[in-house]
Chemist: 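Pasting a structure below so you can have a look.
Throughout, numbering of the chain's residues begins at 1 and tracks the sequence. All values below were derived from every heavy atom in this structure, side-chain atoms included, with hydrogens, water molecules and symmetry-related copies excluded.
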Amino acid sequence: MAVRACGLIIYRRLQPAAPSKVADNIEYLLLQTSYGTHHWTPPKGGHVDPGEDDLQTALRETREEAGLQATQLTLVDGYKKELHYPVNGKPKTVVYWLAEMKDCNTEIKLSEEHQAFQWLKLEDACKFAEYEDMQAMLKDAHQFLCSRK
């Protein structure tokens, strides 16, 4: 059975932009792990607790890993993606939703699982997120946001 994890792609809008410049004011939150290869990912958890659904797991993990409460975020309707990849020879599925910070100045409080965080424009976020499927998902989320009115 595949390991299942859940997370949020969290973004913030810096300042109101002209409609043609929407893409220029979006930044994505990436956390750097304090273990292994110190890779960068959005907040995500490794397991669904009993009684939780996937979205509850994503919100709990975001609270634990980045110190962000569900009330500080706005979930974006219509966006949910799954990534599938092997970890230590076993299949893993990670389900991601898209969420906007209500206040772009909210403090991030890292857990011991992470050593750093960055708010990054799409191009830089893709450089930090070394895995092709993560880069593709960030680009997909960005395209989704930019296509919305």
Side-chain angles (χ1 to χ4, degrees), residues 1-33 39-87 90-111 113-114 116-149:
M1 188 170 136
V3 174
R4 192 168 183 84
C6 307
L8 295 176
I9 302 167
I10 297 174
Y11 71 97
R12 67 181 183 182
R13 295 181 191 270
L14 295 178
Q15 72 281 342
S20 62
K21 300 282 188 189
V22 168
D24 296 341
N25 72 338
I26 297 173
E27 291 184 335
Y28 297 92
L29 176 65
L30 293 183
L31 310 180
Q32 185 182 35
T33 60
H39 60 282
W40 293 83
T41 67
K44 69 178 187 335
H47 65 281
V48 178
D49 280 351
E52 277 184 336
D53 64 27
D54 288 347
L55 181 56
Q56 288 170 322
T57 299
L59 291 167
R60 174 179 52 80
E61 289 292 342
T62 298
R63 184 178 66 246
E64 291 174 1
E65 294 185 356
L68 297 174
Q69 305 298 322
T71 55
Q72 296 172 300
L73 303 166
T74 302
L75 281 174
V76 176
D77 284 339
Y79 192 89
K80 178 181 171 185
K81 292 288 179 204
E82 288 190 14
L83 296 185
H84 305 274
Y85 52 90
V87 175
K90 295 187 177 108
K92 182 170 186 172
T93 299
V94 185
V95 185
Y96 283 101
W97 287 265
L98 191 54
E100 181 174 10
M101 294 286 298
K102 289 180 180 176
D103 176 355
C104 70
N105 297 311
T106 300
E107 182 184 358
I108 304 300
K109 299 180 187 98
L110 295 176
S111 72
E113 293 177 43
H114 296 90
F117 73 90
Q118 295 260 3
W119 285 103
L120 300 160
K121 301 250 187 237
L122 178 64
E123 185 178 330
D124 290 328
C126 287
K127 287 176 187 167
F128 276 70
E130 299 163 31
Y131 299 103
E132 284 183 24
D133 55 355
M134 178 61 68
Q135 294 169 350
M137 186 178 65
L138 287 167
K139 290 174 185 172
D140 182 69
H142 195 74
Q143 185 65 40
F144 183 85
L145 290 173
C146 292
S147 68
R148 297 178 61 187
K149 296 292 177 221

Chemist: Any non-hydrogen side-chain atom of L75 less than 4.5 Å from a side-chain atom of L98?
Modeler: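 SC-SC contact between L75 and L98 ruled out.
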
Chemist: T41: which residues meet the side chain to side chain donor-acceptor pair (under 3.5 Å) condition with it, sequence neighbours left out?
Modeler: none

Chemist: Just how far is it from atom SG of C146 to atom NZ of K139, taken to the nearest 0.5 Å?
Modeler: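 NZ of K139 is found 13.5 Å from SG of C146.
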
Chemist: What pairs with D53 under side chain to side chain contact (heavy atoms under 4.5 Å, CB included), at least two apart in sequence or on another chain?
Modeler: L55, Q56

Chemist: Just so I know, are the side chains of L120 and L30 near enough to count as touching, which here means a heavy-atom distance under 4.5 Å?
Modeler: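 Of all side-chain heavy-atom pairs linking L30 with L120, at least one is under 4.5 Å.
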
Chemist: Do T74 and M101 make a side-chain contact, defined as non-hydrogen atoms from C-beta onward lying under 4.5 Å apart?
Modeler: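 Result no, sub-4.5 Å side-chain heavy-atom pair not found.
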
Chemist: Can you sort out the partners of Q143 under side chain to side chain contact (heavy atoms under 4.5 Å, CB included), two or more places apart, ordered by chain and number?
Modeler: none

Chemist: Output the distance between atom CD1 (I108) and atom CG (L68), rounded to the nearest 0.5 Å.
Modeler: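 Spacing of CD1 (I108) from CG (L68) equals 4.0 Å.
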
Chemist: Can you check side-chain contact (heavy atoms from CB on, under 4.5 Å) on Q32 and H39, steps first, answer last?
Modeler: CA-CA 6 Å; Q32 185 182 35; H39 60 282; over 6 Å; no

Chemist: Go through the structure and list residues passing side chain to side chain contact (heavy atoms under 4.5 Å, CB included) with E100, not counting sequence neighbours.
Modeler: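 Partners of E100 by the side chain to side chain contact (heavy atoms under 4.5 Å, CB included) criterion, ordered by chain and then number, come out as Y11, R13.
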
Chemist: What donor-acceptor contacts under 3.5 angstrom involve side-chain atoms of residues 130-138, with partners at least two apart or in another chain?
Modeler:
from, atom 1, to, atom 2, distance (Å)
Q135, NE2, C126, O, 2.9
Q135, NE2, A129, O, 2.9

Chemist: Who pairs with S111 by side chain to side chain contact (heavy atoms under 4.5 Å, CB included), at least two apart in sequence or on another chain?
Modeler: E65, E113, H114

Chemist: Side chains of P43 and I10: closer than 4.5 Å at any heavy-atom pair?
Modeler: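 Side-chain contact under 4.5 Å: yes.
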
Chemist: Looking at residues at least two apart in the chain, or sitting in another chain, which of them share a side chain to side chain donor-acceptor pair (under 3.5 Å) with T93?
Modeler: H84

Chemist: What's the verdict on side-chain contact (heavy atoms from CB on, under 4.5 Å) for L31 and W40, showing C-alpha distance, side-chain angles and the deciding distance?
Modeler: CA-CA 5 Å; L31 310 180; W40 293 83; 5.7 Å; no

Chemist: Does any pair with a residue in residues 70-85 pass salt bridge (charged side-chain N to carboxylate O under 4.0 Å, His left out), and if so which ones, sequence neighbours excluded?
Modeler: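 Counting only pairs at least two positions apart or across chains, the salt bridge (charged side-chain N to carboxylate O under 4.0 Å, His left out) contacts touching residues 70-85 are R4-E82, K81-D140.
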
Chemist: With sequence neighbours left out, what residues match E107 under salt bridge (Lys or Arg N to Asp or Glu O under 4.0 Å)?
Modeler: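 If we apply the salt bridge (Lys or Arg N to Asp or Glu O under 4.0 Å) test to E107, skipping adjacent residues, there are no hits.
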
Chemist: Nearest 0.5 Å, please: how far is NZ in K44 from CG in L83?
Modeler: 9.5 Å

Chemist: More than 12 non-hydrogen atoms from neighbouring residues, nucleotides or ligands closer than 6.0 Å to CD on Q69, yes or no?
Modeler: yes

Chemist: Indicate yes or no: at least one non-hydrogen side-chain atom of Y28 is less than 4.5 angstrom from one of Q118.
Modeler: no

Chemist: Quick one: pull up CG in L8 and CH2 in W97 and give me the separation to the nearest 0.5 Å.
Modeler: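 Here the rounded value is 8.0 Å.
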
Chemist: If you apply the rule side-chain contact (heavy atoms from CB on, under 4.5 Å), what do you find for V48 with C6, and how did you get there?
Modeler: CA-CA 8 Å; V48 178; C6 307; 4.1 Å; yes

Chemist: Just to verify, what does Y96 make a side chain to side chain donor-acceptor pair (under 3.5 Å) with, not counting sequence neighbours?
Modeler: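 Here no residue qualifies.
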
Chemist: First locate atom CD1 of I9, then atom CZ of F144, and finally report the distance between them rounded to the nearest 0.5 Å.
Modeler: 10.5 Å

Chemist: Using the side chain to side chain donor-acceptor pair (under 3.5 Å) criterion, which residues pair with E27? Sequence neighbours excluded.
Modeler: R12

Chemist: Enter the distance from R63:CZ to K109:NZ here, rounded to the nearest 0.5 Å.
Modeler: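 Taking CZ in R63 and NZ in K109, the distance rounds to 12.5 Å.
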
Chemist: Who passes ring-ring contact (aromatic ring centres under 6.0 Å, His included) against Y85, sequence neighbours left out?
Modeler: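 Scan of Y85 (ring-ring contact (aromatic ring centres under 6.0 Å, His included), adjacent residues dropped) gives none.
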
Chemist: Between K90 and V87, is a side-chain contact (heavy atoms from CB on, under 4.5 Å) present by the stated rule, with each step listed?
Modeler: CA-CA 5 Å; K90 295 187 177 108; V87 175; 5.9 Å; no

Chemist: Do K121 and I26 come close enough that some side-chain heavy atom pair is under 4.5 Å?
Modeler: no

